[in-house]
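Below: one structure, written as structure tokens.
Throughout, a chain's letter reflects where its sequence line sits, starting with A, and its residues are numbered from 1.
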Amino acid sequence: MNTEAAGKDFIRQIVAADIKANKSDGQVVTRFPPEPNGFLHIGHAKAICLNFNVAHEFGGRCHLRFDDTNPVKEETLYADAIRRDIEWLGFSWGNNEFYTSDYFDDLYRMAVKLIEKGLAYVDDLNGEQIREMRGTLTEPGQNSPYRERSMAENLDLFERMRTGEFGNGEPHHRSGDKWCIYPMYDFAHGQSDALEGITHSLCTLEFADHRPLYEWFIEKLELFPSRQYEYSRLNLGYTVLSKRKLQELVTRELVSAWDDPRMPTLAGMRRRGFPPRAIRTFCSRVGISKSDSWIDMSVLEDCVRQELNESAPRAMCVLRPLKVTITDYPEGKEETFSAPNHPQQPEMGERSIPFTREIYIDQDDFMLDPPKKFFRLGPGREVRLRNGYVIKCEEVIYHADGSVKELLCSHDSATLGAAPEGRKVKGVIHWVSAAHAVPVKVHLYDRLFEVETPGTGASADTWLDDLNPDSRITLDQCVAEPGIREARPAQAYQFERCGYFCLDAQQSTEEVPVFNRTVTLRDSWAKVNK
RNA sequence: UGGGGUGUAGCCAAGCGGUAAGGCAGCGGACUCUGACUCCGUCAUCGGGGGUUCGAAUCCCUCCACCCCAGCCA
């Protein structure tokens, strides 16, 4: 077995072999070539990680090249967002920022060179005629009648195209109205790679069919021998990963914007609270291959939880409050409990939590008629208040409609920091002192679509009907412990027993902080309960 | 129907002729002032069929399935 290739994906195996063979003097230069016509998503993250990491691992460099050949679809707004997202992901391209539009002069000269070599001509066919003569999947096309024009005529026509004699074309967001003609992807990408000395041009499978053309241009124009390699693009379950579809969600206002926390865009994930490192971990976990793949959202979620579990300070927040009065606790009395900010990392310090006679617990933590395996609160039952006392539900007070209004409980004063005597209390629930409760608003997010592979198969034309109507649930009656006032944007918290949350800088106000739920905690009770 | 790709567990993915890594999910258990975390254990004979070989997921033949391609998009 080839030990050098062991464990490496096929791209890295190729790069390693090329270096060993001293191709391109052992240089490795890759590139990430986004078209600035939309926001980057998790699929792009895979490409970014691949290109930047391969370059780094083999001592090379990775260029950022805006593939801006199409003047009608691109905007500088997107280019700015792309730069910001790549940096946020944790990669830098240094001075290697390029634009295909900067190569328009070179590309024009290359076209002239091909004409001069008798390898290209100016066609007068219109779109419809071209379509008719192109052939089909099974029948070859026919040559254009203009194919045999003289070189002189071609040169003249091409020059006149350039000067706008046949139409001015659209103004370009960077080159302005300098050009009346623009190169297509096929005529621009390979040559741009070659101009930059890209050694390994990595792209997705659908470009494999273009490789012969890619190589033909390089060969006929005698350019640097960039080579193209294709790998399969990423698909994530219960979401869509095509710029066109994401754009549509934004345009139709089915989501708030490109950075809606439900979007699989990097901007959306950042706002949702996904740490960039979690995304990098995810990209390396899914690997690189050529087989079509749909990745479970659980893989991404696990990466996020792994990251956040280590770094996020804990806090208590009651999502759906249920009032509890500790009847045997003096009115007006207040105690301050100390709780670790992180159970496994004492160096993260401790925080103070006030306790009083009236508190809130989560409605989910109380059941009137609990099943055997439920070890939270119920009539006559005991439960531990996280970081506090063990309490016992003595009485239930109801609303007129029969729903639970409030709980009257007693507490065991000997259980602060100590196990109750003579019995075991397995349940532990979070709570917040009513007098100190900070009102907060919380967005709970779930999968954007109800079907696992939206936009494919039966869902191809009806994918918008498959949106999950409950992808965002907003709770505006939540209460959190006082320390939450210090929350800052981008700071992740674990609301114990609920999940990981982060402040939404766009929606929070001085009075009411707004939190986005990044991801839930694993919940084996939810499984048992099903 | 032509061309280009891919088929290893529910989802990814190693494997490169010497007797199936790892991750996620699942299941069982331990621990626990988060039903979290952590920790144990469990979970495949490689799309089908032939063949070559002492030996095949790996080589050959054949069949099947799925994906991509008929924009002057990328």
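- Note: CZ (A:Arg376) to C1' (B:rG35) measures 7 Å, nearest angstrom.
- When the P atom is compared between B:rA44 and B:rG23, the two are found 15 Å apart, to the nearest whole Å.
- Across the C1' atoms, B:rU32 and B:rG26 are found 23 Å apart, a figure rounded to whole Å.
- Side-chain atoms of A:Gln494 come within donor-acceptor range of the base of B:rU34, with a qualifying N/O pair under 3.5 Å.
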Contact state string [nucleotides 23-31 of chain B, B base, S sugar-phosphate only, - no protein heavy atom under 4.0 Å]: SSSS-----
Residue pair A:Asp302, A:Arg522: steps toward the salt bridge (Lys or Arg N to Asp or Glu O under 4.0 Å) verdict: CA-CA 9 Å; A:Asp302 184 70; A:Arg522 259 207 203 78; 3.2 Å; yes
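- Contact between the side-chain N/O atoms of A:Ser291 and the OP1/OP2 oxygens of B:rA13 is found at a separation under 4.0 Å.
- Taking atom C1' in both B:rA70 and B:rG4, one finds a spacing of 14 Å when rounded to whole Å.
- At a threshold of 4.0 angstrom between heavy atoms, the contacts of A:Gly237 with the nucleic acid are absent.
- In this structure, A:Val240 and A:Lys245 approach most closely via the heavy-atom pair CG1-CD, 3.8 Å.
- Across all strands shown, A:Phe374 has heavy atoms under 4.0 Å from base atoms, whether or not it also approaches the sugar-phosphate.
- Taking atom C1' on both nucleotides, B:rC27 is separated from B:rC66 by 30 Å, rounded to a whole Å.
- Going from atom CG of A:Leu521 over to atom P of B:rC37 covers 7 Å, rounded to whole Å.
- No more than 12 heavy atoms of other residues, nucleotides or ligands lie within 6.0 Å of NZ in A:Lys392, so this atom counts as exposed by the packing criterion.
- Comparing B:rA13, B:rG35, B:rG5 against the side chain of A:Phe375 picks out B:rG35 as the nearest.
- Using the Watson-Crick or G-U wobble rule with both distances under 3.5 Å, B:rG41 pairs with B:rC27.
- Between the side chains of A:Tyr214 and A:Gln191, no donor N or O sits under 3.5 Å from an acceptor N or O.
- B:rU8 and B:rG47 have their P atoms separated by 6 Å, given to the nearest Å.
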Heavy-atom protein contacts under 4.0 Å, nucleotides 65-73 of chain B, coded B base, S sugar-phosphate only, - none: --SBBBSBB
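- In terms of heavy atoms, A:Leu241 sits closest to A:Leu234 at CD2-O, 3.6 Å.
- When the side-chain nitrogen and oxygen atoms of A:Arg211 are compared with OP1 and OP2 of B:rG4, none of them lie within a distance under 4.0 Å.
- In summary, the side chains of A:Ser291 and A:Ser289 do present a donor paired with an acceptor at a separation below 3.5 Å, with no hydrogens or angles considered.
- Annotation: B:rG29 and B:rC64 have their P atoms spaced 48 Å apart (nearest Å).
- Atom CD1 in A:Ile82 sits roughly 15 Å away from atom P in B:rA74 (whole-Å rounding).
- In this model, a donor atom of one side chain and an acceptor atom of the other lie less than 3.5 Å apart for A:Glu159 and A:Tyr108.
- A donor-acceptor contact closer than 3.5 angstrom is absent between the side chains of A:Arg227 and A:Ser201.
- Under the Watson-Crick or G-U wobble criterion, with both distances below 3.5 Å, B:rG2 is paired with B:rC69.
- If you measure from atom CG of A:Asn341 to atom P of B:rU34, you get 16 Å, rounded to the nearest angstrom.
- B:rC40 and B:rA25 have their P atoms separated by 16 Å, with the value rounded to a whole Å.
- Going from atom CD1 of A:Ile42 over to atom P of B:rC12 covers 16 Å, rounded to whole Å.
- Between the P atom of B:rU32 and the CG atom of A:Asp523 lies a distance of 20 Å, rounded to the nearest Å.
- With a 6.0 Å radius and a threshold of 12 heavy atoms from other residues, nucleotides or ligands, A:Asp177 has its CG atom at or below the threshold.
- Looking at heavy-atom distances under 4.0 Å, A:Gly388 makes contact with a base.
- The phosphate of B:rA13 has OP1 or OP2 within less than 4.0 Å of a side-chain N or O from A:Ser289.
- Less than 6.0 angstrom separates the ring centroid of A:Phe104 from the ring centroid of A:Tyr182.
- Nucleotide B:rA20 forms a pair with no other nucleotide shown, judged by Watson-Crick or G-U wobble geometry with both contacts under 3.5 Å.
- Separation of the C1' atoms belonging to B:rU42 and B:rG7 is 27 Å when rounded to the nearest angstrom.
- Within 4.0 Å (heavy atoms only), A:Asn387 reaches at least one base atom of the nucleic acid.
- Base engagement by A:Pro343 is indicated by at least one non-hydrogen atom pair under 4.0 Å involving a base atom.
- When the shell of 6.0 Å around OH of A:Tyr360 is examined, it contains 12 or fewer heavy atoms from other residues, nucleotides or ligands.
- Side chains of A:Arg314 and A:His342: a donor on one and an acceptor on the other come within 3.5 Å.
- Distance, A:Ile295 CD1 to B:rG10 C1': 13 Å, rounded to whole Å.
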